[in-house]
Asker: 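I have a structure here, written as structure tokens, and I will follow up with some questions on it.
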Amino acid sequence: MSRELPAARATIVELLLRLADDRLVLGHRLSEWCGRAPLPEEDIAVANIALDCLGHASMLLEEAGRVEGQGRDADRLAFWREPYEFRNCLLVEQPNGDFAHTMVRQFLVDVHADLLYGGLEASSFPPLAAIAAKAHKEILYHGRHSGAWVLRLGDGTPESRARTQAAVDALWAYTDELFAVDEAAEAAAAAGVAPVPSRLRQEWRMRVEAHLREATLRVPEARPRVPFRGRAGRHTESLGHLLTVMQSVPRAHPGAAW
């Protein structure tokens with residue numbers, strides 16, 4: 001797809017798809033908690049955060065389709081691509097696990113998204129800067145919510161602390177990908193469209209590690225990288241299962257309208 005576009009457009013489309021797919025897949029994962037959250041208030045809160053993420057994804061996918069110019073709108077890009085065409089990072093596609101696992105995953109993503117979308121507000125591509133400015137306000141709320149739960153669970157009972165630590169240990173290996181730099185990321189940064197991913201790492205680690213320590217949790221030692229690269233379309237088995245559910249209705253009833 002990108003080879004058929006001029007280099008500058010292809011760079012923007014690739015970046016928009018990466019951003020959109022992160023929010024789309026994360027939003028769907030959170031939506032799986034609807035009716036199952038541990039508290040009624042939490043059921044509403046998680047559902048609202050899921051809707052925010054899906055809203056961000058919709059704006060980004062719509063813009064990606066417009067720049068691409070091949071007649072694909074947000075729905076087409078969300079529901080009619082195969083797993084290898086998705087560009088989300090591996091962290092967001094990881095299964096929910098227990099509630100501690102979901103909140104730790106959300107916290108790790110939220111801190112990164114705060115830094116990333118803050119940088120994207122200065123993007124040289126005005127439509128992306130406008131989307132980032134709107135999304136960033138909601139991401140700040142998401143981070144306060146997930147951060148509060150990490151503190152509550154980590155510094156809670158022995159059982160909640162053990163489960164939260166297990167989540168941190170299991171998810172830590174997937175965080176490296178948030179800061180990976182490849183040819184597309186370099187091109188986007190050179191054009192002033194997006195920050196260099198690796199430059200966000202130090203601030204992210206400082207914030208995350210301070211928060212984990214406050215929650216009486218241990219920061220994991222460095223681990224071998226996982227043998228997948230979501231930005232290149234090499235995903236874990238979990239994404240295929242997620243997309244099968246998420247895409248089932250549009251694919252069963254193509255062209256259907258409300």
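Along the sequence shown, residues carry numbers from 1.
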Asker: Between CG of Leu60 and CG of Leu24, what distance do you get to the nearest 0.5 Å?
Answerer: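 The distance works out to 10.5 Å.
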Asker: Go through it in stages, so that I can follow the logic: the residues are Ile49 and Tyr141, the test is side-chain contact (heavy atoms from CB on, under 4.5 Å), and I'd like the CA-CA distance, side-chain angles, deciding distance and then a yes or no.
Answerer: CA-CA 9 Å; Ile49 294 171; Tyr141 161 73; 3.9 Å; yes
Asker: Verify the cluster assignment for Leu39 and Leu153: are they in a single hydrophobic cluster under the rule of side-chain heavy atoms below 4.5 Å apart?
Answerer: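 Same cluster: Leu39 reaches Leu153 through Ile, Leu, Val, Met, Phe, Trp or Tyr contacts under 4.5 Å.
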Asker: Could you list all the ring pair (Phe, Tyr, Trp, His ring centres under 6.0 Å) pairs where at least one residue sits in residues 10-48, not counting sequence neighbours?
Answerer: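 As it turns out, the ring pair (Phe, Tyr, Trp, His ring centres under 6.0 Å) pairs with a partner in residues 10-48, which skip direct neighbours, are Trp33-Phe99.
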Asker: Counting only N and O atoms by type, is there a donor-acceptor contact under 3.5 Å from the side chain of Ser123 to the main-chain atoms of Ala129?
Answerer: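 Judged by distance alone, no pair lies under 3.5 Å.
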Asker: Taking the inter-plane angle between the rings of His112 and Phe179 on a 0 to 90° scale, is it parallel (under 30°), tilted (30 to 60°) or perpendicular (over 60°)?
Answerer: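 Rings of His112 and Phe179: perpendicular, over 60°.
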Asker: Is it the case that Asp52 and His142 place a side-chain donor and acceptor less than 3.5 Å from each other?
Answerer: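 Short answer, yes.
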Asker: Is it the case that the side chains of Gln94 and Ser238 hold a donor-acceptor pair, with the cut-off being a distance below 3.5 Å and no angle test?
Answerer: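 No, no side-chain donor-acceptor pair sits under 3.5 Å.
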Asker: What distance do Leu115 atom CG and His136 atom NE2 have between them, rounded to the nearest 0.5 Å?
Answerer: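 It comes to 7.5 Å.
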Asker: Please report the shortest heavy-atom distance between Val150 and Ala215, naming the atom on each side.
Answerer: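 Distance-wise, the nearest heavy atoms are O-CB, 3.6 Å.
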Asker: Kindly compute the distance separating CD (Glu93) from CG (Leu90), expressed to the nearest 0.5 Å.
Answerer: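 Glu93 CD to Leu90 CG: 5.0 Å, rounded to 0.5 Å.
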Asker: Determine whether Leu15 and Phe125 make a side-chain contact, defined as any pair of heavy atoms from C-beta on separated by less than 4.5 Å.
Answerer: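 Contact flag for Leu15/Phe125 side chains = no.
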Asker: Side chains of His145 and Glu42: is there a donor and an acceptor less than 3.5 Å apart?
Answerer: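 Per modelled atom types, His145 and Glu42 side chains form a pair under 3.5 Å.
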Asker: Are Arg251 and Glu82 within salt-bridge range, i.e. N to O under 4.0 Å?
Answerer: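 Salt bridge between Arg251 and Glu82, a charged N being under 4.0 Å from a carboxylate O: yes.
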Asker: Counting only N and O atoms by type, is there a donor-acceptor contact under 3.5 Å from the side chain of Glu177 to the main-chain atoms of Leu91?
Answerer: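 Side chain of Glu177 to backbone of Leu91, a donor-acceptor pair under 3.5 Å: no, none is there.
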Asker: Cation-pi check for Trp204 against Arg201: NZ or CZ below 6.0 Å from the six-membered ring centre and within 45 degrees of the axis, yes or no?
Answerer: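 Negative - Arg201 is either too far from the ring of Trp204 or too far off its axis.
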Asker: Please find the pair of heavy atoms, one from Thr164 and one from Ala100, that lie closest to each other, and give the distance.
Answerer: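 Residues Thr164 and Ala100, closest heavy atoms: OG1-CB, 3.7 Å.
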Asker: Dump the intermediate steps for side-chain contact (heavy atoms from CB on, under 4.5 Å) on Trp172 and Leu108, then the final yes or no.
Answerer: CA-CA 9 Å; Trp172 196 256; Leu108 298 173; 4.2 Å; yes
Asker: State, to 0.1 Å, how close Val13 and Ala64 come at their nearest heavy-atom pair, and which atoms those are.
Answerer: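 Heavy atoms of Val13 and Ala64 come nearest at CG2-O, 4.0 Å.
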Asker: Taking Arg9 for the side chain and Glu68 for the main chain, is one N or O donor matched with an acceptor at less than 3.5 Å?
Answerer: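 Yes; at least one donor-acceptor contact below 3.5 Å.
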Asker: Please tabulate, one pair per line, all N/O donor-acceptor pairs under 3.5 Å involving side-chain atoms of residues 181-195, not counting sequence neighbours.
Answerer:
{"residue": "Asp182", "atom": "OD1", "partner": "Arg18", "partner atom": "NH1", "Å": "3.3"}
{"residue": "Asp182", "atom": "OD1", "partner": "Ala184", "partner atom": "N", "Å": "3.3"}
{"residue": "Asp182", "atom": "OD1", "partner": "Ala185", "partner atom": "N", "Å": "2.9"}
{"residue": "Asp182", "atom": "OD2", "partner": "Arg18", "partner atom": "NH1", "Å": "3.4"}
{"residue": "Asp182", "atom": "OD2", "partner": "Arg18", "partner atom": "NH2", "Å": "2.8"}

Asker: Is a donor on one side and an acceptor on the other found under 3.5 Å between the side chain of Arg161 and the backbone of Thr216?
Answerer: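 Yes, the answer is positive, given that a donor and an acceptor are paired below the 3.5 Å cut-off.
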Asker: Output yes when a side-chain donor or acceptor of Asp43 lies under 3.5 Å from a complementary backbone atom of Cys34, and no otherwise.
Answerer: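 Absent.
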Asker: Measure the CZ-CG distance between Arg72 and Asp75 for me, rounded to the nearest 0.5 Å.
Answerer: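 Arg72 CZ to Asp75 CG: 13.0 Å, rounded to 0.5 Å.
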Asker: So do Ser31 and Met246 actually touch side chain to side chain, heavy atoms under 4.5 Å?
Answerer: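 No; the side chains remain at least 4.5 Å from each other.
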Asker: Is there side-chain contact between Leu120 and Leu19, with heavy atoms separated by less than 4.5 Å?
Answerer: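 Side chain of Leu120 against side chain of Leu19, heavy atoms only: contact under 4.5 Å found.
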Asker: Gly147 and Phe107: which non-hydrogen atoms are nearest, and at how many Å?
Answerer: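 Minimum heavy-atom contact is CA-CD1, 3.7 Å.
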Asker: I'd like to know if Met103 and Val219 are part of one continuous hydrophobic network [Ile/Leu/Val/Met/Phe/Trp/Tyr, side-chain heavy atoms within less than 4.5 Å].
Answerer: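 In one cluster: yes.
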Asker: Is Val92 close to Arg29 at the side-chain level, that is, under 4.5 Å between some pair of heavy atoms?
Answerer: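 Arg29 does not reach Val92 side chain to side chain.
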Asker: Do Asp21 side-chain atoms and Arg87 backbone N/O form a donor-acceptor pair below 3.5 Å?
Answerer: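 Judged by distance alone, yes, a pair lies under 3.5 Å.
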Asker: Would you find a donor on one side and an acceptor on the other, under 3.5 Å apart, between the side chain of Asp114 and the backbone of Leu140?
Answerer: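 No, Asp114 side chain to Leu140 backbone: no donor-acceptor pair under 3.5 Å.
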Asker: With a 4.0 Å cut-off on N to O distance, would you call Arg213 and Glu209 a salt bridge?
Answerer: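 Salt bridge between Arg213 and Glu209, a charged N being under 4.0 Å from a carboxylate O: yes.
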Asker: Spell out, as yes or no, whether a donor-acceptor pair under 3.5 Å connects the side chain of Arg81 to the backbone of Leu77.
Answerer: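 Side chain of Arg81 to backbone of Leu77: a pair is present.
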Asker: Just how far is it from atom CG of Leu128 to atom CE of Met59, taken to the nearest 0.5 Å?
Answerer: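 Going from the CG atom of Leu128 to the CE atom of Met59 covers 10.5 Å.
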Asker: Do Asn96 and Arg105 get their side chains close enough for a donor-acceptor pair, meaning under 3.5 Å?
Answerer: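 Side-chain D/A pair, Asn96 to Arg105: present.
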Asker: Backbone N or O of His101 within a donor-acceptor pair of the Arg163 side chain at under 3.5 Å?
Answerer: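 Absent.
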Asker: Check for me, please, whether Val208 and Met206 land in the same ILVMFWY cluster - side-chain distances under 4.5 Å, paths through other members count.
Answerer: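 Cluster IDs for Val208 and Met206 differ.
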Asker: Kindly write out the residues that satisfy ring pair (Phe, Tyr, Trp, His ring centres under 6.0 Å) with Tyr117, not counting sequence neighbours, or none if the list is empty.
Answerer: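 If we apply the ring pair (Phe, Tyr, Trp, His ring centres under 6.0 Å) test to Tyr117, skipping adjacent residues, there are no hits.
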Asker: Please confirm whether Arg234 makes a cation-pi placement over Tyr84, using NZ or CZ under 6.0 Å from the six-membered ring centre and within 45° of the ring normal.
Answerer: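 The answer is no, since Arg234 fails at least one limit relative to Tyr84.
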Asker: Is the shortest heavy-atom distance from the side chain of Leu61 to the side chain of Leu17 under 4.5 Å?
Answerer: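 A side-chain contact exists here, since the closest heavy-atom pair is under 4.5 Å.
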Asker: State, yes or no, whether a side-chain contact exists between Leu171 and Thr175 at a heavy-atom distance under 4.5 Å.
Answerer: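 No, too far: nothing below the 4.5 Å cut-off.
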Asker: Begin from the C-alpha positions of Thr102 and Trp149 and carry the test side-chain contact (heavy atoms from CB on, under 4.5 Å) through to its verdict.
Answerer: CA-CA 10 Å; Thr102 293; Trp149 269 109; over 6 Å; no
Asker: Walk me through whether Arg229 and Asp176 qualify under salt bridge (Lys or Arg N to Asp or Glu O under 4.0 Å).
Answerer: CA-CA 10 Å; Arg229 292 191 301 126; Asp176 262 355; over 6 Å; no
Asker: Check for me, please, whether Phe79 and Leu51 land in the same ILVMFWY cluster - side-chain distances under 4.5 Å, paths through other members count.
Answerer: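 No, Phe79 and Leu51 fall in different hydrophobic clusters.
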Asker: Look up atom OG in Ser146 and atom CD1 in Ile139, then write down how far apart they are to the nearest 0.5 Å.
Answerer: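 Between atom OG of Ser146 and atom CD1 of Ile139 there are 11.0 Å.
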Asker: Evaluate the side-chain contact (heavy atoms from CB on, under 4.5 Å) criterion for residues Leu54 and Arg23: first the C-alpha distance (whole Å), next the side-chain angles of each, then the deciding distance (0.1 Å), finally the verdict.
Answerer: CA-CA 6 Å; Leu54 296 177; Arg23 307 312 287 174; over 6 Å; no
Asker: Less than 4.5 Å apart, any side-chain heavy atom of Asn88 and any of His235?
Answerer: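 In short, these two side chains touch, coming nearer than 4.5 Å.
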Asker: Got Asp169 and Gln165 here, is their nearest side-chain heavy-atom distance under 4.5 Å?
Answerer: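 Yes. Closest side-chain heavy atoms under 4.5 Å.
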